[in-house]
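Below is one structure, written out as structure tokens; the observations come after it.
Atom set for the values below is all heavy atoms of this structure, side chains included, hydrogens, waters and symmetry mates excluded. Residue indices begin at 1 and follow the sequence shown. Remember, it's 1-based here, ligands and their atoms both numbered in the order they're listed.
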Amino acid sequence: MSNELSALIFDVDGTLADNEQQGHRVAFNRAFADTGLDWYWDEPTYARLLEVYGGKERIRHFIAAHRPDFDPPADSEAFVQELHALKTRHYIGLVESGVIPLRPGVGRLLREAREACLQLAIASTTTRDNVAALLTHALGQDSMGWFAALACGDEAPRKKPAPDVYELVLARLGLPPSRCLAIEDSESGLAAATAAGLITVITVNEATRDQDFSAAAIVLDQLGEPGCGFKVLAGDARGARLVDVALLRRLHSAFSAGGKAGYHRGV
Ligand code: XBP
Ligand code: MG
């Protein structure tokens, strides 16, 4: 069948791991302190800053909006690049110290998908080294090899909500969007995936729970583990309690055939 599901494309931050507040935010603050800056992003401040996608973009936005008189010690772009590189080192250190686990069901679904011969891919705003650290720490040294294609950070011209990172990963997979399904956690991520033509499953987290997910195939609180299933926040899981390959194939085939209306009619 030409539109058969062939690949799962995963977002990383917020989807594979709930890592923004206790991972990225902490790493930014450590980089600020190391650089002698008196900046500190508390949790509410960081929750607002998350509207800006990308770490370097977030730093540039913070300077423009909150520190307009800041005079960087060198060329301002070099300053942002160096500060962000320091932040990446701190983030990787946090991952390696074990404080950033994968979300429930992520390892299970990745393993099941591999057994079912679905290709795996990553479409993330974050830096590739961060993705490698998260995956290898949680799933083992060989786990980057589980992914047929990755598109990360600055590899795509525009960050989410632009579709670029999804278009890039589709090109690297060599597949049309109709053969793939995206798993995301945020409205911007959903906008990026759907603009690239992908049917998308959402697993929300505390930061994204109230966002608009009306374009998603289904909205869940997590992927779920045996004995601790997901809650359906919008859409129809037809009695399933876990996101597994069977449910993803069913959603993909129904939404390919007739969109939401088709799924609800039982296509
Ligand atoms: C989320 C992001 C990232 C991280 C920080 O990415 O916006 O910018 O907050 O990572 P996604 P960097 O959900 O697409 O994985 O500092 O490496 O940019
Ligand atoms: Mg995300």
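Counting only heavy atoms of the protein, atom 10 (O) of ligand 1 lies nearest to Thr126 OG1, 2.7 Å. Among protein heavy atoms, atom 17 (O) of ligand 1 sits closest to Thr127 OG1, 2.6 Å.
Between Arg108 and Glu225 a salt bridge is recorded (basic side-chain N to carboxylate O distance below 4.0 Å). A salt bridge links Arg172 with Glu155; the closest basic N to acidic carboxylate O contact falls under 4.0 Å.
Looking at heavy atoms from C-beta onward, Phe230 lies in side-chain contact with Val243 at the 4.5 angstrom threshold.
At least one N or O atom of Asp11 sits closer than 3.5 Å to an N or O atom of ligand 1. Of the N or O atoms in Asp13, one or more lie within a sub-3.5 Å distance of an N or O in ligand 1. Residue Asn130 has at least one nitrogen or oxygen atom sitting less than 3.5 Å from a nitrogen or oxygen atom of ligand 1, judged on distance alone. Looking at Gly55 next to ligand 1, an N or O pair under 3.5 Å apart turns up. Distances between N or O atoms of Thr125 and those of ligand 1 include at least one value under 3.5 Å.
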Q. Which is it for Ile202 and Val204 under the side-chain contact (heavy atoms from CB on, under 4.5 Å) test, yes or no, and what are the steps along the way?
A. CA-CA 6 Å; Ile202 295 288; Val204 301; 3.8 Å; yes
Q | Lys159 vs Asp154, salt bridge (charged side-chain N to carboxylate O under 4.0 Å, His left out): CA-CA, chis, key distance, verdict | A | CA-CA 8 Å; Lys159 300 216 160 134; Asp154 297 334; 2.8 Å; yes
Q: Would you please test Arg25 and Glu43 for salt bridge (charged side-chain N to carboxylate O under 4.0 Å, His left out) and show each step?
A: CA-CA 8 Å; Arg25 183 185 68 87; Glu43 292 196 19; 3.7 Å; yes
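For Glu51, the CD atom is loosely surrounded, since the number of other residues' heavy atoms within 6.0 Å does not exceed 12. Around the CZ atom of Arg103, the shell of radius 6.0 Å holds more than 12 heavy atoms that belong to other residues, nucleotides or ligands. Within a 6.0 Å radius of CZ in Arg30, no more than 12 heavy atoms belonging to other residues, nucleotides or ligands are found.
Shown in contact with His84 at under 4.0 Å from a heavy atom are these atoms of ligand 1, numbered in order with element: 12 (P), 16 (O), 17 (O), 18 (O).
For atom 8 (O) of ligand 1, the candidate residues are Gly54, Cys152, Ser188; the nearest heavy-atom contact is made by Gly54. Closest heavy-atom approach to atom 2 (C) of ligand 1 within the set Lys159, Lys160, His24, Arg58: this belongs to Arg58.
Considering just the N/O/S atoms of Asp185, the one nearest the Mg ion (ligand 2) carries the name OD1.
In summary, no N, O or S atom of Glu184 is located under 2.8 Å from the Mg ion (ligand 2).
Using cut-offs of 30° and 60° for the angle between ring planes, the Phe28 and His84 rings count as tilted.
To the nearest 10 degrees, the Mg ion (ligand 2) sees OD2 of Asp11 and O of Asp13 at an angle of 90°.
Distances from ligand 1 to the non-hydrogen atoms of Lys87 include at least one value under 4.0 Å. Look at Tyr46 and you'll find a heavy atom under 4.0 Å from some atom of ligand 1.
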